[in-house]
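Quick note on labels: first sequence line is chain A, next is B, and so on, each numbered from 1.
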2 protein chains.
Amino acid sequence: MSGTGTRRPRADARRNRERVLAAADQAFREQGTGASLEGIARQAGVAIGTLYGHFPNRGALSAALLRERHVALFEFGDELPGHGTALAALTAWMGAVSGHAAAYRGLATLLMQGFTDEASELHDACARMTATTERLLSAAREAGAVRDDVSTADVHALTNAAAWLREQVPPEQADHLTALLVRGLRTGDDGTR
Amino acid sequence: MSGTGTRRPRADARRNRERVLAAADQAFREQGTGASLEGIARQAGVAIGTLYGHFPNRGALSAALLRERHVALFEFGDELPGHGTALAALTAWMGAVSGHAAAYRGLATLLMQGFTDEASELHDACARMTATTERLLSAAREAGAVRDDVSTADVHALTNAAAWLREQVPPEQADHLTALLVRGLRTGDDGTR
DNA sequence: ACCTGAACACCGTTCAAGT
DNA sequence: ACCTGAACACCGTTCAAGT
């Protein structure tokens, strides 16, 4: 075992990988996560086989983007606890995730699959996301701000539904709908937890 | 003008049209509204050109299905007013529409586009749907059960979001999420209308 | 008036051949 | 170890030719 395991990749391979990621980021933003892989390879200046060599499928590409290029989203979630009320923090997190997912049309669907399907390439990213969701949800529940029958899976699902809505309607209506949606999570007039 | 205008179509044309619709209904249920049109034509036993002759695009196909084969949904909506509380009627309508849209994966997105885009082939179907939504929403609002800041467009959007959720999660969770979603529409603890 | 199916453009995915 | 691009299968859409 002299240097096997994770080796440093060849310089041109690393560069090609990076180019593909950059092209995918742009294409996913402009045309959604269903954008043509051939187009992405073309844009990146590599052959289609090179793209497949680095990323065996669309999920792997999306997962790599989240892990390597969208770190800010997760960092934002890590810094939220303690700032403002627990409900405000949870709401801010839902807004950040749904806004991010809406910027990549179709990502919300992938994030739903990744949450359930352990074999999904996006499962790790989802686990990291829902860990944050769980922390913020627990705090909000303990503060008595959110109903007891709302699970982490529920918040994850509603956050992605908010992302889906944001893809469909103008921003102002999306904000309003998200607010209504959060309203459904809050403890009610009858004091139900 | 002796017999021009809407003429009775040739018998074989009518039969082909019907066969395409039946095949599309099945394919859309099994594979979603993105199902292969070539596959639908094959299943219907007609050439691909025949399908295009009757339905110039996917939207026309979906619209025809709603108009000609899914009459029950609209009839259900017409019979709802007056049965039970206004909120229960609105909830039942949202449940029926979202359940229907979830059975045809992707239809929810088309129904959102059809609502806004007047040129959409689905615009008429959406108008008919939202007319019912408006009646039931007005009644619920007048009964003081639903907030004043909830528009017909909002209910339409949330209904389709519920359909999207139903495509993503198991039925029990979908029911729970739909309930939470409706909860956000109700008048609140502070008596806000 | 309607139907047929070839034709064109495009894409996802694999893999033998190269360097 | 990685890259290339041809090859295969499939699809959306159009349209000239048939009946």
In dot-bracket notation, what is the pairing pattern of DNA chain C, taking Watson-Crick (N1-N3 plus N6-O4 or O6-N4) and G-U wobble (N1-O2 and O6-N3) contacts under 3.5 Å, with [ ] crossing and | for other strands?
||.|||||...|||||.||
Distance only, no hydrogens: is a donor on one side chain within 3.5 Å (strictly under) of an acceptor on the other, for A:Asn57 and A:Glu121?
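Result is yes, a qualifying pair exists.
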Rounded to the nearest 0.5 Å, what separation is found between the [atom1] atom of [X] and the [atom2] atom of [Y]?
X        : Y        : atom1 : atom2 : result
A:Leu51  : A:Asn16  : CG    : CG    : 10.0 Å
B:Leu73  : B:Met129 : CG    : CE    : 7.0 Å
B:Gln31  : B:Arg105 : CD    : CZ    : 8.0 Å
A:Thr159 : A:Leu111 : OG1   : CG    : 10.0 Å

To the nearest Å, give me how far apart [atom1] ([X]) and [atom2] ([N]) are.
X       : N      : atom1 : atom2 : value
A:Gln43 : C:dC11 : CD    : P     : 13 Å
B:Arg42 : D:dC10 : CZ    : P     : 8 Å
A:Leu61 : C:dG12 : CG    : P     : 11 Å
A:Glu38 : D:dA6  : CD    : P     : 11 Å

Is there a side-chain polar atom (N or O) of A:Arg58 under 4.0 Å from OP1 or OP2 of C:dT13?
no
Looking at B:Ser36, does any N or O in its side chain come under 4.0 Å of the phosphate oxygens OP1/OP2 on D:dC10?
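Answer is no, no contact under 4.0 Å.
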Tell me whether B:Ser120 contacts the main-chain N or O of B:Thr116 through its side chain, where contact means a donor paired with an acceptor under 3.5 Å.
no
Please find the pair of heavy atoms, one from B:Ala27 and one from B:Ile40, that lie closest to each other, and give the distance.
CB-CG1, 3.7 Å
Nearest heavy-atom neighbours spanning B:His176 and A:Asp149
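Answer, listing the atom of B:His176 first, then A:Asp149: CE1-O, 2.7 Å.
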How do B:Ala35 and B:Arg10 order along DNA chain D: which one's closest nucleotide is nearer the 5' end?
B:Ala35
Checking A:Asp154 against A:Ser151 for the side-chain hydrogen bond (donor to acceptor under 3.5 Å, both in side chains) test, could you report, in this order, the C-alpha distance in whole Å, the side-chain angles of both residues, the deciding distance, and whether it holds?
CA-CA 5 Å; A:Asp154 292 337; A:Ser151 69; 3.1 Å; yes
Residues from residues 11-26 of chain A sitting under 4.0 Å of DNA chain C, heavy atoms only?
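Result for residues 11-26 of chain A: none.
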At a heavy-atom distance below 4.0 Å, what parts of residues 46-57 of chain B sit against DNA chain C?
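Within this stretch, B:Val46, B:Ala47, B:Ile48, B:Gly49, B:Thr50, B:His54 sit under 4.0 Å of the strand.
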So B:Phe76 and B:His100, ring pair (Phe, Tyr, Trp, His ring centres under 6.0 Å) or not? Walk me through it.
CA-CA 12 Å; B:Phe76 178 72; B:His100 187 84; over 10 Å; no
I would like to know whether A:Asp124 and A:Arg128 meet salt bridge (Lys or Arg N to Asp or Glu O under 4.0 Å); could you show each step before the answer?
CA-CA 6 Å; A:Asp124 281 2; A:Arg128 215 183 139 186; over 6 Å; no
